[in-house]
Every structure is written in C-alpha cells, then in structure tokens.
Amino acid sequence: MHIEPFFVEQWMNAHETTATWNIAETCVHSLTLDELLQMSGDADGVLRRLRDTWLGYGDITGSPRLRAAIAELYGERITADHVLTANGAIGANFLALYALVEPGTTVVSVQPTYQQLFSVPESLGAEVRPLRLRAEDGYLPDPEELRALTDERTRLIVLNNPNNPTGALIDEPLLREIVEIARERGAWLFCDEVYRRLEHEPGTTAPSVADLYEKGVSSGSMSKSYSLAGLRTGWVAGPQEVIRRCLDVRDYTTISAGVLDDALAAEALEHVDAVLTRSLAIVRGNLALVDAWIAGEPRLHYVRPRAGTIALVRYDHDVSSVDFCQGLFDFNGAFVMPGAAFGEEHSFRMGYACARDVLDGGLAAVSAYLRTLEA
Ligand SMILES: Cc1ncc(COP(=O)(O)O)c(C=O)c1O
C-alpha cells in the first residue's frame, strides 16, 4: 500500500516548535486546563471528579456523557448512539474513510482541502476525482461539475465545510443540492466539519450533512472551534451502520480514547456556549486585523474567509510557495503554510485565531519580508 506523505503535517512538524511568529496554526488559541475549569463554573467539583476517575480503558465507544454532549451539536437524527469518539478528527476521518471507501470505486473530493481527505481514499484503492474549488467562485463547489464527476461507481463524495484552507462556507441551499446528487447516486456524503460553528456572520452556521441526509456522515473535534487540541478528541457522527463499520476498524487502531480527555471534552461541551463565545470573539476580532492588513498590502489578495480560523492569501511575486514560506521563516521566523500543500501555488495559508500579540507580530514580520522581495 502506498500513501502520499502528508505535506501540511510534515511542514508543521518541521517548523512549529522553532517559529518566532506562528501564524500557521489552525486551532483557536488553545485554552489552559485552568481556563477550562473556570469556564465550567465548578472547578473544585470537576477536579474532584477527575481525581476519582478510574484509569482503565473506560467506555470503548466513548463515554455516554461525552457522546450525548456531541449529539447535542446536531439535530434530532443524531443521538448518542450515532456518535463514536476518536483520536482527534484525524482519527475520526481515518475511521470513516476506511469504513466507507471500497477499492475500485470512485470518490469525488473537493480540492483544495485537508490532504487526508483524498490521500487516504487513494491509498485504499479508490479513484479520487477532484472537485476543484476556485477563487472566482468564492471557493464553492459547482453542483453541475460535481454531477459530471460522479458515475455509477461513485460510492462517496467528500466535503470539508467550512473549508481548510480557504475558510469558504457552503450554505444550506447548496448543501441540499449536493445531497440530492449524492442521493441520486446512492453515495455516502462525508463532510469534515472541524471548523463548524466558527462562522463569522452571526446566524450563518451551515447544517451538518449528518442532519441533512440519511447517508450523511460528519466528523468533528475539540481541536479547532473548541480550542482544546491537546485533548485529542474527535468524533464521527452518522448512521448506525457507519458507526458499526467504524467500530470494526477502531478495534484495530484505538481500543478506546483516553478517559481524562473524554471527561474534559464532555465538560467543555456541556459549557459549549462559553467556549464558543470566546472562540468567536477571537476569530472575528482577529479577522478584522487581517482584513486591514491585506488592504494595506497591494501585492496580497484573498477571498475573505466566511468561517473558521484560516485564510488562503495570494501574493504577486514570481516565487514558489515553498521558497516564499521558507524564505520568510529564515528571514524572521514568521511561519505560514505554503499553498503547495493544497496544490495552490503563489499563495500561503495563514491562521488568524492565535493570540493577538502573535498575530500582530506575525503580520508585521510578513510585511517586512515582502519589502525585501520588492527591493
Ligand atoms: C480539516 C481538518 N480536519 C482534521 C484535522 C485534524 O484535527 P484534529 O485531529 O486535531 O482534530 C485538521 C487539522 O488541521 C483539519 O484542518
């Protein structure tokens, strides 16, 4: 079996611990344990329960408490029995793809997106057909193009909403059109929804595909919107048939997720309004800074993200994205992701949900580097 090296993760691993200005990060600035305890409103009670926690494997599929809290993020179709926890969304995506992809079938996946979503199906022997997302369309999929890419061998359509790396958001009417195409083909519709609920305009939260479609499967995690990547807790939500298939795979890879992570994730989701209020204040406030910065940099352009923590920024310089980003890192330690990680040359992906001082320093550092390219 061959699997493509995972560009984004390798670039992150190589630079994130030594960067001076890490504006490549995709998580909302992570909480400390103490901040989470404060948000719970009952720090002493939570700590007491953690001290009493039995450190066995715990509930194999995730605790009923956590699965119920996750189910609350969805509509009526999804109950605790339609949820399976995993090691981050990266674990959840792997389980779902392993469960849904059949060799010799075709999978249609949006691109650009998180590479795992198409490299894993390829490694499993599927023919992956890219559904291109273009700047001129606001990085939204064209349903007619999707229809043309599907055929009788199509078993799976893969979306990522809100999108990494562009921050584009597929609204409900377009999602429903996509559901109809999947339904006509009898295909599963899998959507990585880790940036869901980080929509910048109030009231624009897109529905989950797990709520819209009887063959819709969603993945999510505590890492991005809920600023708790260190809990390494993600999930698959969808029809029980898929959850059962994922469990068959998970027995080989996970056994169970950590019981302390499980308890803290449940605590956070039981106070989800407080967690999201903080996250939304960070992403909305910081995006305003990025907007003003882009407006003042004539050789940078972007499609303003509508959701999430990241933006794909294009530059007018004749230098490859890897050289641009490595040159920037070497010049002053500012760290962004080359567009090459997404097949999008002459661009970089930046994260803007970091601490305010890091964002200010990072933007100034990119500006200083741009001056050297202009000289
Ligand atoms: C779209 C997307 N899916 C999944 C992941 C994996 O996140 P985690 O495993 O921390 O939940 C990431 C991380 O960057 C991501 O951007």
Side-chain angles (χ1 to χ4, degrees), residues 6-13 15-16 22-31 62 66 70 73 83-98 109-121 133 139 158-170 190-198 206 208-209 217-237 246 250 253-254 257-258 261-262 264-265 268-269 275 279 283 305-312 335-339 341-344 348-354:
F6 201 156
F7 189 129
V8 164
E9 299 301 337
Q10 294 190 350
W11 189 268
M12 292 300 286
N13 297 347
H15 299 291
E16 67 187 329
N22 182 350
I23 53 169
E25 184 54 70
T26 57
C27 301
V28 172
H29 182 48
S30 299
L31 290 164
L66 175 58
I70 293 168
L73 303 173
V83 172
L84 179 64
T85 65
N87 184 254
I90 199 153
N93 288 346
F94 194 86
L95 292 179
L97 293 169
Y98 206 101
S109 168
V110 291
Q111 284 186 33
T113 191
Y114 195 56
Q115 187 188 331
Q116 183 191 26
L117 299 175
F118 54 91
S119 285
V120 169
L133 307 176
Y139 295 114
V158 180
L159 302 177
N160 172 207
N161 192 37
N163 176 263
N164 174 1
T166 64
L169 176 66
I170 311 175
F190 175 62
C191 189
D192 176 326
E193 297 173 349
V194 289
Y195 299 99
R196 189 162 171 250
R197 296 185 168 227
L198 282 185
S208 168
V209 299
V217 182
S218 155
S219 66
S221 101
M222 298 307 296
S223 299
K224 315 292 177 184
S225 311
Y226 308 107
S227 52
L228 289 164
L231 299 186
R232 302 310 304 129
T233 301
W235 58 86
V236 182
C246 287
R250 193 173 173 278
T253 60
T254 314
D261 291 340
D262 183 303
L264 289 169
L269 289 181
V275 177
S279 297
V283 290
R306 288 187 60 214
T309 59
I310 46 191
L312 190 67
F335 173 41
V336 294
M337 180 64 60
F342 306 97
E344 297 284 323
F348 59 87
R349 186 194 72 184
M350 59 165 294
Y352 54 84
C354 47

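Both counts, for ligands and for their atoms, begin at 1 and track the order of listing. No hydrogens, no waters, no symmetry mates; every other heavy atom, side chains included, goes into these values.
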Would you mind running through ligand 1 and noting each atom that sits below 4.0 Å from a heavy atom of [X]?
X	answer
Y195	1 (C), 14 (O), 15 (C), 16 (O)
R232	8 (P), 9 (O), 10 (O)
G88	9 (O), 11 (O)
S221	11 (O)
T26	14 (O)

Ligand 1 versus [X]: contacting region, heavy-atom distance under 4.0 Å:
X	value
A229	neither
M222	neither
I90	both
N160	side chain

Q) Should the heavy atoms of other residues, nucleotides or ligands under 6.0 Å from OH of Y98 be counted, would the total exceed 12? A) no

Q) Does the side chain of M222 come within less than 4.5 Å of W235's, by heavy atoms? A)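 They are in contact (side-chain heavy atoms under 4.5 Å apart), so the answer is yes.
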
**Q.** Flag side-chain contact, heavy atom, 4.5 Å: N87 against F94
**A.**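 N87 does not reach F94 side chain to side chain.
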
Q | Nearest atoms (heavy-atom pairs only) where S221 meets G88 | A | CB-C, 4.3 Å

Q: Measure from the side-chain N and O atoms of T309 to the backbone N and O of T26, and report whether any donor-acceptor pair falls under 3.5 Å.
A: yes

Q: Examine distances only and state if a side-chain atom of Q116 and a backbone atom of I90 form a donor-acceptor pair shorter than 3.5 Å.
A: yes

Of all the non-hydrogen atoms in the protein, which one sits nearest to [atom], and at what distance?
atom	result
atom 6 (C) of ligand 1	Y114 OH, 3.6 Å
atom 14 (O) of ligand 1	K224 NZ, 2.7 Å
atom 1 (C) of ligand 1	D192 OD2, 3.3 Å
atom 10 (O) of ligand 1	S223 OG, 2.7 Å

How many angstroms lie between [atom1] in [X] and [atom2] in [Y], if you round to the nearest 0.5 Å?
X	Y	atom1	atom2	result
F190	S109	CZ	OG	10.0 Å
R232	D261	CZ	CG	9.0 Å
I310	N163	CD1	CG	7.5 Å

(Q) Just by distance, no angles: are the side chains of N93 and S219 close enough, under 3.5 Å, to form a donor-acceptor pair? (A)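 Note: N93 and S219 side chains meet the donor-acceptor criterion.
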
Q.
Under 3.5 Å between any N/O of E9 and any N/O of ligand 1: does that happen in this structure?
A.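 In this structure, E9 places no N or O atom under 3.5 Å from an N or O of ligand 1.
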
(Q) Does any N or O of ligand 1 fall below 3.5 Å from an N or O anywhere on G91, backbone included? (A)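 Checking ligand 1 against G91, no N or O pair falls under 3.5 Å apart.
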
